[in-house]
Amino acid sequence: MDNKYNYKQYEEELYTFWEQKGYFKAQVNPQKESFSIILPPPNANADLHLGHAMYVYEDVMIRYNKLRGKAVLWLAGADHAGIETQFVYEKHLKKKGKSRFDFDRETLFKDIWDFVMQNRGTMENQLRRLGFALDWSNKKFTMDDDIVQVVYKTFKDLYDEGLVYRANRLVNYCTSCGTSFSDLEVADKELKGTLYYISYPLASGKGHITVATTRPETMFGDVAVMVHPEDKRYQDMIGKSVRLPLTEREIPIIADEYVDPKFGTGAVKVTPAHDFNDFEVGQRHKLDLTIVIDFAGKMQKTGIVDGIYFTKARKIVLEKLEQEGLLEKTKDHDMVIGTCYRCGTVLQPLPKEQWFINVQPLKEKAIELVKKDAVSVHPKRFKSQLIRILENFIDWNVSRQIVWGIRIPAYKCISKDEWFISTDKPDACQICGTCNFIQDDDTFDTWFSSAQWPFATLQTISKKYFDYFYPTSVMETGYDILRAWVSRMIMIGYYETKAVPFEHVFLHGMVRDAKGQKMSKSKGNVINPLDMIDKYGADALRAALIFGTKEGGDVVLSEDKIRSMRNFGNKVWNVGRFIYMNRTEAKQGDNEHLNEKDSKTLISLQKEFATVEKKYHKHFEKFEFAKAFDLSYDFLWHRFADMYIEQLKGSMQTGNMEVRNELERVYKSCLKMLHPYMPFVTEAVWQQYHSRENSILD
RNA sequence: GGGCGUAUAGCUCAGUUGGCUAGAGCGUUACAUUGACAUUGUAAAGGUCUCAGGUUCAAGUCCUGAUACGCCCACCA
């Protein structure tokens with residue numbers, strides 16, 4: 001054995017060995033207990049980052065359970081990542097001086113498909129570099145035909161049960177990306193805005209009412225002015241009407257408790273087509289939806305600023321109001337505004353017909369399941385958070401106006417102007433039977449398919465797989481997607497299978513830099529996992545992400561820490577080397593008898609190790625993986641190596657086989673404890689003791 | 001405004017049902033080493049465990065309050 005562990009010599013070879021020998025291939029075996037995890041599918045088109053490296057917790061669980069003799073499955077997969085990928089592809093087009101509008105739908109889709117397929121291998125190889133014991137034999141992609149069929153079935157099931165509806169509602173629309181988003185994808189941004197006080201003259205000509213607004217340009221879409229019903233200042237005005245400035249239109253003054261009398265002037269302009277709250281007020285009071293901004297963010301039907309982008313229109317409107325003496329004053333106003341999480345454009349609330357899922361019955365069931373721990377959450381503190389997330393869920397807009405996604409299987413009957421859902425491409429209109437029906441252009445929100453991932457993957461592999469491995473054992477992911485993903489998997493998973501999609505949820509934290517800051521490209525503090533693997537080995541990176549952390553807490557990662565874990569890997573190797581050397585070099589018979597001191601030391605070692613081993617398994621039961629690792633680390637290095645071996649090394653070197661064999665026995669048990677965390681070095685040593693054909697996983 | 005989390009060595013963090021003489025990694029200092037490992041070993045320095053009360057034989061740990069920081073959600077005309 002070399003006097004150093006050279007990871008470069010082993011990692012690639014060992015991974016190939018494991019894969020070729022089929023160690024990662026799941027085997028349905030009714031004699032054994034099953035243990036399954038579905039990998040949260042990384043974006044097929046993007047490189048891995050450190051967040052993905054955190055899936056090492058899944059590998060830890062998988063390898064641990066495999067060593068415990070269970071039939072394990074860790075299923076590999078990839079996500080089409082709808083908007084993310086289309087966005088990247090559009091950038092790619094832009095470099096070539098083109099845009100997505102230069103292509104028809106089919107061509108664009110096919111081009112993106114090819115683009116993604118070209119890049120997909122990169123991500124998969126990176127997962128291999130991390131040493132992940134993934135079953136590649138049944139890998140899945142969110143746009144595989146069979147997966148799409150499952151997604152279609154779910155949508156139709158929901159539709160048939162009346163849980164899918166089409167409605168003209170306000171959506172968060174990005175005029176730059178050209179698509180709507182669900183409320184979860186809106187990025188709030190604080191900015192210093194201005195509150196404009198505008199005078200609306202009463203229609204009677206006597207007096208006026210002043211409204212305060214941050215968006216004067218939307219005034220052309222105003223359909224009312226609203227005050228609080230008990231506001232004394234405006235009692236005599238309720239029911240009267242005002243003339244909308246710059247127009248000839250008259251709109252009523254209404255009363256609604258939504259108004260906060262202390263804000264602004266206590267009078268609000270109501271613009272149902274361009275404001276979420278106003279939309280609700282509009283519904284309550286049955287007001288019109290007067291649309292004055294189009295999907296490009298340009299004004300329409302104003303008679304004054306038509307075709308002008310809303311920000312520029314705002315300036316013009318303000319000038320005109322000022323000219324007419326209707327702009328009373330302005331005031332600085334800190335506000336929070338919804339922006340596109342992808343491109344940063346200010347999102348427009350715009351009315352658009354979309355498909356919505358009524359989540360009410362789904363979330364009630366999900367809450368019940370979480371409350372009674374049918375899905376149990378680790379660490380515990382996330383349980384209440386998950387319940388609250390579910391309670392606050394509002395109906396889910398699943399329509400996206402992009403090409404890269406699963407096209408919604410909804411068809412419109414032209415002659416009757418009605419919709420029908422069909423999982424297969426229909427031959428004839430299912431409503432009138434004769435018309436040239438058309439398919440909805442929209443695609444599903446990526447999360448709609450992701451929400452079905454655990455059962456969709458297993459069902460499409462085989463019924464045998466599904467029956468044996470579902471519900472899956474654990475869903476492991478970052479706490480940041482508890483809302484977007486975990487909650488929806490529980491809702492949709494239970495709806496379709498009448499079983500929980502996973503029995504446990506384990507949430508890991510975010511990776512931060514040595515100063516505790518989030519990693520981001522703009523800060524330049526991003527650590528590339530692959531660079532670290534090249535430099536220190538996969539085991540070192542894996543160990544650094546787990547060592548000394550608290551479950552579910554954020555991980556502070558520095559290169560120093562990775563280096564120190566590399567040193568530990570070397571320690572593991574050298575402890576093995578030392579014991580191994582003495583097997584081959586010891587002169588048997590020189591020192592056959594255990595002396596009393598050694599005998600005592602061995603008993604103490606056995607006792608201590610038994611305690612450690614017991615604690616180790618206890619930690620696993622409680623999903624305390626970092627503690628189990630810290631414990632193994634400390635035992636191997638500071639107790640076993642620093643103390644026991646030091647005390648016993650004389651006897652071992654002079655050929656006492658009883659001492660040596662006991663050291664080897666405990667050491668090999670340590671290797672198994674460490675294997676889930678540092679699979680390469682532990683396997684490399686194991687094979688030194690046995691042969692290149694053996695595995696620690698046997 | 002609501003919820004959650006965190007405050008412990010220079011830095012990053014552990015510290016399970018209260019038993020601590022408070023630990024680890026990195027960093028610092030001294031010494032050692034052709035002897036399994038310098039990717040090492042031995043040792044040292046470094047802490048009123050954020051603050052103020054309380055419960056207890058005993059509090060870093062439990063309770064109450066305060067302060068600071070972080071995250072999530074809601075509202076914002």
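Partner A:D231 forms a side-chain hydrogen bond (donor to acceptor under 3.5 Å, both in side chains) with one of A:H228, A:Q235, A:R233 and no other, that one being A:R233.
A:V270 comes within 4.0 angstrom of nothing in the nucleic acid, heavy atoms only. Contact annotation for A:K618: no contact, since no heavy-atom pair falls under 4.0 Å across all strands. The residue A:I389 sits apart from the nucleic acid: no heavy atom pair falls under 4.0 Å. No contact: A:R563 has no heavy atom under 4.0 Å from any strand. Within the nucleic acid shown, A:Y633 comes within 4.0 Å of sugar-phosphate atoms alone, with no base atom in reach, counting heavy atoms only. Nucleic acid contact for A:F547: sugar-phosphate only, since backbone atoms but no base atoms lie under 4.0 Å from a heavy atom of the residue. Nucleic acid contact for A:Y479: none, since no nucleic acid atom lies under 4.0 Å from a heavy atom of the residue. Among the heavy atoms of the strands lying under 4.0 Å from A:K615 is at least one base atom, whether or not backbone atoms are also near. Residue contacts shown for A:G264 are absent, as no nucleic acid heavy atom lies under 4.0 Å away.
Distances from the side chain of A:R483 to the nucleotides B:rC76, B:rC73, B:rG5 place B:rC73 closest. Counting only heavy atoms from C-beta on, A:V556 has its side chain closest to B:rU12 among B:rU12, B:rC76, B:rG3.
Residue A:K550 has a polar side-chain atom (N or O) positioned under 4.0 Å from OP1 or OP2 of B:rG15. Using a 4.0 Å cut-off, no side-chain N or O of A:H638 falls inside it from OP1 or OP2 of B:rU40. Distances shorter than 4.0 Å separate none of the side-chain N or O atoms of A:K561 from OP1 or OP2 on B:rC13. Listed pair A:W637 / B:rG41 meets the phosphate criterion, a side-chain N or O lying under 4.0 Å from OP1 or OP2.
When both distances must be under 3.5 Å, the Watson-Crick or G-U wobble mate of B:rC51 is B:rG65. Judged by Watson-Crick or G-U wobble contacts below 3.5 Å, the nucleotide B:rC57 has B:rG19 as its partner. Remark: B:rU34 base-pairs with no nucleotide; criterion is Watson-Crick or G-U wobble with both hydrogen-bond distances under 3.5 Å. If you check B:rC4 for Watson-Crick or wobble pairing at under 3.5 angstrom, you find it paired to B:rG70. Applying the Watson-Crick and G-U wobble criteria (two distances, each under 3.5 Å), B:rG25 pairs with B:rC11.
B:rA24 and B:rG1 have their P atoms separated by 43 Å, given to the nearest Å. The separation of B:rU61 from B:rU42, taken at their P atoms, amounts to 33 Å, rounded to a whole angstrom. Between B:rA45 and B:rC51, the two P atoms lie 23 Å apart (nearest whole Å). Rounded to a whole angstrom, the distance from the P atom of B:rG53 to that of B:rU28 is 40 Å. Atom P of B:rU6 sits at a distance of 15 Å from the matching atom of B:rU64, rounded to the whole Å. Nucleotides B:rA59 and B:rG10 have their C1' atoms positioned 27 Å apart, rounded to a whole Å. Atom P of B:rA7 sits at a distance of 8 Å from the matching atom of B:rU50, rounded to the whole Å. Nucleotides B:rG54 and B:rG23, compared at atom P, are 28 Å apart to the nearest Å.
Looking at every heavy atom in both residues, A:V317 comes nearest to A:P216 through CG1-O, 4.2 Å.
Put simply, CZ on A:F629 is 16 Å from P on B:rA14, counting in whole angstrom units. Spacing between atom CH2 of A:W573 and atom C1' of B:rU40 amounts to 17 Å, rounded to whole angstrom units. Distance, A:F276 CZ to B:rA74 P: 12 Å, rounded to whole Å. Rounded to whole Å, atom P of B:rU12 lies 18 Å from atom CG of A:D630. Per the geometry, NZ belonging to A:K380 stands 13 Å off P belonging to B:rU16, to the nearest Å. Atoms CG (A:N392) and C1' (B:rA74) sit 8 Å apart, rounded to a whole Å. For the pair A:L507 CG and B:rC72 P, the computed distance is 15 Å after rounding to whole Å. Atom CZ in A:R512 sits about 11 Å away from atom C1' in B:rU6, given to the nearest Å.
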Side chain to side chain donor-acceptor pair (under 3.5 Å) between A:Q348 and A:H274, intermediate numbers included: CA-CA 7 Å; A:Q348 287 291 343; A:H274 301 293; 5.0 Å; no
Evaluation steps, side chain to side chain donor-acceptor pair (under 3.5 Å), between A:H333 and A:Y196: CA-CA 9 Å; A:H333 178 60; A:Y196 302 94; over 6 Å; no
Evaluation steps, side chain to side chain donor-acceptor pair (under 3.5 Å), between A:D554 and A:Y479: CA-CA 10 Å; A:D554 290 348; A:Y479 66 69; 2.9 Å; yes
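Between A:G266 and A:Y5, the residue anchored closer to the 5' end of RNA chain B is A:Y5, taking for each the nucleotide with the nearest heavy atom. Along RNA chain B, the nucleotide nearest to A:D260 and the one nearest to A:S564 differ in position, and the one closer to the 5' end is contacted by A:S564.
A salt bridge is absent between A:E391 and A:R388; no separation between the charged side-chain nitrogens and carboxylate oxygens falls under 4.0 Å. A:K383 and A:D373 are joined by a salt bridge, as a carboxylate oxygen and a charged side-chain nitrogen come within less than 4.0 angstrom of each other. In this structure, A:E559 does not pair ionically with A:R563, as no charged nitrogen and carboxylate oxygen lie closer than 4.0 Å.
The aromatic rings of A:F623 and A:F506 lie parallel to each other, their planes meeting at an angle below 30°, with 60° marking the opposite boundary.
A cation-pi contact, defined as under 6.0 Å to the ring centre and within 45° of the axis, links A:K668 to A:W686.
Aromatic pair A:F625/A:F629: ring centres not closer than 6.0 Å.
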Can you give me the N/O atom pairs linking the protein to nucleotides 34-37 of chain B at distances under 3.5 Å, or say none if there are none?
from	atom 1	to	atom 2	distance (Å)
B:rA36	OP2	A:Q653	NE2	3.0
B:rA36	O3'	A:R577	NH1	3.4
B:rA36	O2'	A:N574	OD1	2.8
B:rA36	O2'	A:R577	NH1	2.4
B:rA36	N6	A:E646	OE2	3.0
B:rA36	N3	A:N574	O	3.0
B:rC37	O4'	A:N574	OD1	3.1
B:rC37	O4'	A:N574	ND2	3.4
B:rC37	O2'	A:N570	ND2	3.4
B:rC37	O2	A:K571	NZ	2.8
B:rC37	N3	A:K571	NZ	3.0

